[in-house]
Amino acid sequence: METKTISEGDKLTISVSGRVDTVTAPELEANLKFGDAKLVVIDLKEVPYMSSAGLRLLLTSHKAMAAKGGRFEIVNVQSAVREVLEITGFSDILNIV
Amino acid sequence: MTARRSLNVKVAVSVLVAFAVSMAFSWFLHNSLSERDAYALIDRAFANARAELTDCINERLVVQCMEARERIEDGHPDDTASLQALARELRVSEVSIVDDKGDIVRSSVPDYLAGPGRKAFNFAEADDKDANKMMGLIDGRYTEYCQPYRSNAANGNWRKFVGVWRREGGFFEIGLDGKALQSLARSTCVDRFRNWRVGGSGGIVVTTPTGLVLSDYEEPNREGTQFHEPGGSFYWKRGDIETFPVYVMIPKMSAAVQRDVLVGATALLNGAALVFVALLVGFVIAAFVRRQIREQEAKELAMAKDIQLSALPNVFPPFPDETRFDIMASMATAKEVGGDFYDFYFTAQDRVLVIVADVSGKGVPAAMFMMHAKTLIKSAAQTGKPLAQVFTEANEALCEGNSSCTFVTAWAGELNVNTGHLTFVNAGHNPPVVHRGGRCEYLKTRPSPALGAMEGVTYRVDDITLEPGDAIYLYTDGIVEQPDPAGELYGEGRLLGLLSRNVRQRGEILKTVIADVHRHAAGAEQADDCTQLVLRYRGEPDVVAHEYAPTLEDVAKAVDELTAALETVPVKVRTQLLVAADEIFANIVRYSGATRWSLSVELDHHPDGVRLVITDDGKPFDPLAQRDPDTTLAAEDRAVGGLGIFIVKKTMSPVTYKRRSGLNILKMGKDYGD
């Protein structure tokens with residue numbers, strides 16, 4: 001699993017590639033550093049699937065950004081990931097663009 | 001049936017007894033009525049006879065008395081001797097003349113007249129009512145008067161006196177003794193009873209006081225002969241009228257005829273009424289009994305149907321862990337209980353037998369024969385004997401004592417679940433449909449005779465080999481012989497077409513067929529049991545299995561190996577499996593305390609499917625028993641625990657958990673494609 005972070009002013013875009021599961025989630029968590037960014041965008045274009053370990057990271061990130069008045073967005077969700085988000089109800093509470 | 005017959009006998013006997021009792025009563029009643037009627041008739045006849053005879057005699061005597069008056073008024077001397085001569089001439093006993101004071105002033109009887117020391121007999125002063133009444137002739141109340149025959153007030157002699165009035169006051173009187181009275185009456189009055197009839201053939205007999213018959217009603221008559229009182233063959237009565245003994249009599253025979261006619265008529269009416277009542281009662285009882293029998297039969301049929309259905313295996317899938325084949329079967333029973341059955345069971349570790357059969361006839365006997373046949377075949381087959389021998393032995397057993405010639409057609413196949421080799425025997429049954437290489441056709445072979453039909457038959461087996469994905473469809477004739485309202489049968493052609501068009505339906509095909517058969521029937525009642533069974537051969541699964549340590553490194557290794565094993569699986573199913581597997585792996589590594597765990601990947605075919613079997617030696621944990629998270633909460637309120645299991649339950653089917661030999665064993669899988 002790899003991540004690539006691009007910062008543009010207050011906006012931080014983190015592109016993830018590879019599966020997000022029990023094995024890779026700790027690595028992803030280590031790379032989710034938002035600093036002073038007001039808007040964080042997670043690009044899941046290259047994520048074929050995600051288990052609840054990944055969902056946990058999305059939820060904690062969403063809560064952390066909300067707590068400091070920022071916004072957390074998820075983009076380019078693939079169908080397998082979207083299915084998991086929908087099953088768990090996360091598609092209703094996260095900002096999926 | 002015996003109960004019914006004895007009931008009929010009882011009804012008939014009761015009817016006869018009732019009839020006899022009623023007739024006896026009727027006879028007795030009419031007998032006493034006819035006796036009473038006879039005596040009433042006799043009394044009436046007697047009263048009439050008395051009036052008739054008395055009137056006749058009185059009339060004659062008044063005429064005699066008037067003649068005496070005429071003779072005296074015409075100048076006949078009225079001294080005692082002359083009056084005695086006149087009495088003789090007129091054939092009376094006495095003649096007297098009474099003055100206007102009631103005194104006898106002239107008489108043929110000197111005793112009545114005044115003499116020395118004796119007053120004349122006076123009618124007004126006499127201490128005698130009948131004598132006093134004679135005074136009515138003087139005071140003008142009547143012009144003639146007749147006393148009854150009696151002992152008279154003047155001298156006690158028995159006389160009958162008659163008086164007629166006298167123009168210058170007083171009256172003339174004549175008196176007759178018994179002999180004179182009789183000789184007068186005999187010649188002029190008595191014979192008028194000869195033609196009288198009492199009660200049809202009865203009549204009146206008048207005799208002299210000594211018993212000589214004066215008047216007889218019978219022919220030839222007995223007049224002048226001595227009369228004997230009638231005996232017990234008559235209803236009769238004797239009485240004296242004006243000195244004559246009179247007998248009124250009715251032969252009992254005559255009354256009996258009348259009675260018998262009445263009894264006969266009553267018998268006829270009673271008989272008709274009894275027959276009617278008996279028929280009515282019989283009919284009501286018969287209807288009641290028939291209804292009882294019908295209800296009993298319906299109850300027994302319902303029970304037979306229940307027993308029949310409960311004898312069939314009815315849990316599907318029957319072998320949940322079995323992936324090399326699957327079986328689906330159903331029986332749609334007709335209103336009347338029939339003798340269909342289906343059955344399936346392992347006859348060896350790698351061989352499964354399926355059978356569909358149809359017993360001839362219907363009702364409880366067919367259902368019982370079906371149970372017998374099913375049990376015989378199963379117990380023989382489960383000893384591991386070859387199929388041909390099973391059928392040969394079952395046939396011998398079913399022929400034994402089979403006096404009703406009930407037989408059972410059956411098609412049985414024994415599948416080697418590892419190789420797909422199918423051995424089968426057809427005992428006079430409809431050919432099954434086999435689905436092979438993508439097309440359906442009837443598996444027609446020369447059938448052997450039906451079981452129970454003929455002794456000494458050796459059953460022949462045929463065989464085919466099924467490839468993974470092939471299936472065989474068994475049925476009974478209830479399917480193909482269901483008529484439509486015009487009488488056209490559903491038929492083999494329709495069935496084959498329907499199966500060919502729906503080869504992808506698997507177990508659902510059974511409902512599709514029944515629905516189509518009912519559509520064909522177009523509202524008509526299902527004619528017969530419709531029994532179906534489909535056996536699909538799936539073949540051996542491909543299995544990859546590895547054991548792991550409870551480390552993240554080994555989880556990574558397991559994910560890689562799983563990904564490789566699922567290479568041929570469509571990507572959507574593959575990612576669902578990977579996500580679900582990851583959730584279970586995470587639980588084992590993080591929470592279970594297991595020292596080792598394993599993953600086995602089984603790839604099934606026909607239909608294609610994947611099953612993951614994950615075991616660990618950690619503490620017991622049943623993921624299916626966990627509560628589902630509330631997925632409707634806002635982000636701030638959501639926790640992440642429990643989500644993994646929830647995802648597993650939502651995406652995998654079926655998921656099963658077992659704790660066995662200190663291991664948590666979780667199976668989860670997914671079927672896809674054909």
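All chains are named by letter (A, B, ...) in the order of the sequence lines, taking the proteins before the strands, and each is independently numbered beginning at 1.
- Ring geometry for B:Phe585 against B:Trp597 counts as tilted: the plane angle lies between 30° and 60°, on a 0 to 90° scale.
- One finds a salt bridge joining A:Glu73 and A:Arg71 here, because a Lys/Arg side-chain nitrogen approaches an Asp/Glu carboxylate oxygen to under 4.0 Å.
- Contacts between A:Asp21 and chain B at a heavy-atom distance below 4.5 Å involve backbone atoms as well as side-chain atoms.
- Of the atoms belonging to B:Gln576, it is side-chain heavy atoms, and not backbone ones, that fall under 4.5 Å from chain A.
- Heavy atoms closer than 4.5 Å to chain A are found in the side chain of B:Val559, but not in its backbone.
- Of the charged side-chain nitrogens involved, none lies within less than 4.0 Å of a carboxylate oxygen, so that B:Arg659 and B:Asp622 do not count as a salt-bridged pair.
- B:Phe319 and B:Phe325 have perpendicular rings, their planes meeting at more than 60° on a 0 to 90° scale where under 30° would count as parallel.
- If you tally non-hydrogen atom pairs under 4.5 Å between each of B:Leu578, B:Val555, B:Leu552, B:Val589 and chain A, the highest count goes to B:Leu578.
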